[in-house]
Amino acid sequence: MTNTIEITKAQTSKIHEVDFENLSFGKVFTDHMFICDFKNGEWQQPEITPYAPLTLDPSARVFHYGQAVFEGMKAFKDEANKVWLFRPEDNLLRINKSAERLAMPEFPKDVFMEGLKALINLDEAWVKPGFGNSLYIRPFVIATEPAIAASPALEYKFLIICSPAQSYYSGDVRVLIAEQFSRSANGGVGFAKAAGNYAAQFYPTSLANQEGFQQIIWTDADTHEFLEEAGTMNVFFRINDTLVTAPTNERILDGITRKSIIQIAQDSGIAVEVRPIKVSELIKASKSGALKEIFGSGTAAVVSPISAFSYKGDVFEIPKDEKSFSSIFKEKLLNIQYNKSEDPYGWRQSI
Ligand SMILES: Cc1ncc(COP(=O)(O)O)c(C=O)c1O
C-alpha cells in the first residue's frame with residue numbers, strides 16, 4: 001500500500017444546507033469520507049472521496065455475523081480557528097484491539113493519522129468554533145466479503161465519516177442498575193468496540209427508558225454485584241472525597257475520557273481508587289450520605305452527572321453539589337481540548 005492518499009473532492013459542498021444551531025446528534029455528515037479496502041491479504045490504496053452510500057453485496061459478512069468494529073472521537077476548533085484532535089492514536093490502538101478480537105486485520109497507524117488529518121483539513125469548515133461545538137469522527141471497519149460462511153471474511157472496508165456536533169447536554173440522567181441483563185461476559189467482547197455490543201443493549205435500555213431511566217449501569221454477568229460501566233460511558237463514584245471507578249478488564253471498554261479523568265484527578269490531588277465496587281457499597285454510601293456524586297465519562301458528553309439510581313425497585317437520589325468533581329473535570333478536559341489551557345500531557349494534536 002502506498003501512503004499517499006488519493007483525494008477526489010466533492011464538486012459542491014452541502015454545508016450551506018445545514019442548520020448548525022439545531023443539529024441532532026449523528027444525522028448530518030460532512031462532504032467527504034476516508035475509505036480503504038482490504039483484499040488479497042493487504043490494505044489497498046487509501047482514498048478520500050465525496051461522502052456517498054456504499055454498494056455491498058447482500059451476502060457481505062457484516063450483515064450476517066456482525067463482523068464490525070468502530071471508534072468515536074472528536075475534533076475541536078480554538079479561538080484562532082485552529083483544529084485539534086484529542087489523543088487520536090489511542091483511538092487507533094483501540095480499534096485495532098477491537099479488530100483483533102473479531103478476527104479482523106489491524107489498520108496501519110501512519111495511514112490512519114494521515115487519512116484522518118487530510119479528511120479533517122478538507123472538511124475543516126464543518127468544525128465550528130465555540131465551546132461545545134465539535135466534529136464527531138467515526139472510524140469503522142466492516143467485513144465486506146460476499147460469502148455467508150460463518151468464518152472471518154477475507155475482505156474489509158475501513159472508513160472514517162464525520163458529523164458536526166453541538167454541545168451535548170444529557171439533562172437529568174437517572175440510571176437503572178442491571179439485575180437481569182448483561183452487556184458482556186468473561187472471555188467475551190465487552191472491551192472491544194464491537195457493533196454487536198451496542199445492538200445487544202438496545203432492548204434492555206428501552207425497557208429501562210419505559211421505567212423513566214435514561215441509561216443502565218451494567219454489572220458483572222456472574223453475580224450482578226459489581227458495578228461496571230454504562231451504555232456508552234465509564235462510570236465514576238465519588239464517595240466522600242475519593243473517586244472510585246472499576247478497573248478495566250475484558251468486559252469493560254478502556255475509555256479514553258476515563259483514563260484522562262483519572263490522570264487529571266490524581267494531578268489535582270484527588271484520591272482515586274481504581275478497584276471493584278459493589279452495588280451494596282454504593283447503596284450503603286448513599287444511605288449514609290457518603291455518596292456525593294456519580295458520573296459517566298465518554299467522548300460524546302465528556303462527563304455526564306447522574307442524579308439517581310435504581311436497584312431492585314428502590315430509587316436513590318443523589319444530592320446536587322455546586323462544586324462537583326464532575327464539573328471540575330469537565331472544565332479541565334474541555335480547556336485542553338479547545339486549546340484554552342496548557343496541555344501538560346501532550347494529549348492535544350493539531351491537524
Ligand atoms: C461501552 C463504552 N464505554 C465507555 C465509553 C467511553 O469511552 P471514551 O471515553 O473513549 O469515549 C464508550 C464510548 O466510546 C463506550 O461505548
Side-chain angles (χ1 to χ4, degrees), residues 25-26 66 68-76 85-99 101-102 116 134-141 160-163 165 168 170 173 175 177-178 181-185 188-202 204-205 208 214-221 226-237 243 245-265 274 294-306 326 329-330 332-334 336-337 345 347-349:
F25 179 77
V69 294
F70 69 99
E71 267 307 319
M73 53 200 293
K74 278 179 173 173
F76 309 89
L85 294 163
F86 185 71
R87 310 187 75 168
E89 275 112 356
D90 291 23
N91 293 96
L92 190 265
L93 286 176
R94 195 167 67 185
I95 204 169
N96 279 343
K97 223 170 127 190
S98 302
R101 179 62 182 81
L102 272 86
L116 178 66
S134 64
L135 188 69
Y136 182 82
I137 303 163
R138 170 55 59 89
F140 63 105
V141 197
I160 308 175
I161 56 175
C162 304
S163 173
Y168 177 92
S170 46
V173 179
V175 298
I177 294 180
F181 294 103
S182 300
R183 190 191 92 90
S184 58
V189 296
F191 69 92
K193 258 181 110 65
N197 281 344
Y198 297 81
Q201 291 185 74
F202 294 159
T205 307
Q214 286 74 41
Q215 290 271 358
I216 293 177
I217 293 188
W218 298 102
T219 47
D220 68 295
F226 291 92
L227 296 152
E228 300 211 312
E229 63 175 329
T232 55
M233 296 188 295
N234 296 105
V235 241
F236 286 86
F237 308 92
L243 200 59
T245 192
T248 53
N249 56 30
E250 61 190 343
R251 299 185 303 269
I252 300 181
L253 194 85
D254 185 4
I256 294 164
T257 320
R258 173 188 175 278
K259 61 185 179 188
S260 306
I261 287 175
I262 293 173
Q263 178 86 58
I264 288 175
V274 178
I294 305 182
F295 60 90
S297 73
T299 297
V302 186
V303 297
S304 193
I306 289 166
S326 66
F329 300 142
K330 183 163 192 167
K332 288 200 175 189
L333 264 177
L334 288 175
I336 293 177
Q337 291 174 332
Y345 310 108
W347 289 339
R348 195 164 60 213
Q349 241 188 68

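Remember, it's 1-based here, ligands and their atoms both numbered in the order they're listed. Excluded from the calculations below are hydrogen atoms, water molecules and symmetry mates; all remaining heavy atoms, backbone and side chain alike, are included.
- No side-chain donor-acceptor contact under 3.5 Å links Gln349 to the backbone of Pro88.
- Here salt bridge (charged side-chain N to carboxylate O under 4.0 Å, His left out) pairs that include residues 89-98, with residues two or more places apart or in two chains, are Glu71-Arg94, Arg87-Asp90, Asp90-Lys259.
- Using a 30° and 60° split on the angle between ring planes, Phe295 and Phe329 fall in the tilted class, from 30° to 60°.
- Remark: side-chain polar atoms of Ser184 are not paired, donor with acceptor, to backbone N or O of Val189 under 3.5 angstrom.
- Contact shell of ligand 1 (protein heavy atoms, cutoff 4.0 Å): Arg94, Arg183, Lys193, Tyr198, Glu229, Gly231, Thr232, Met233, Asn234, Leu253, Gly255, Ile256, Thr257, Ser297, Gly298, Thr299.
- In this structure a side-chain-to-backbone donor-acceptor pair under 3.5 Å is present from Asn197 to Ala192.
- At least one donor-acceptor pair under 3.5 Å links the side chain of Arg183 to the backbone N or O of Arg251.
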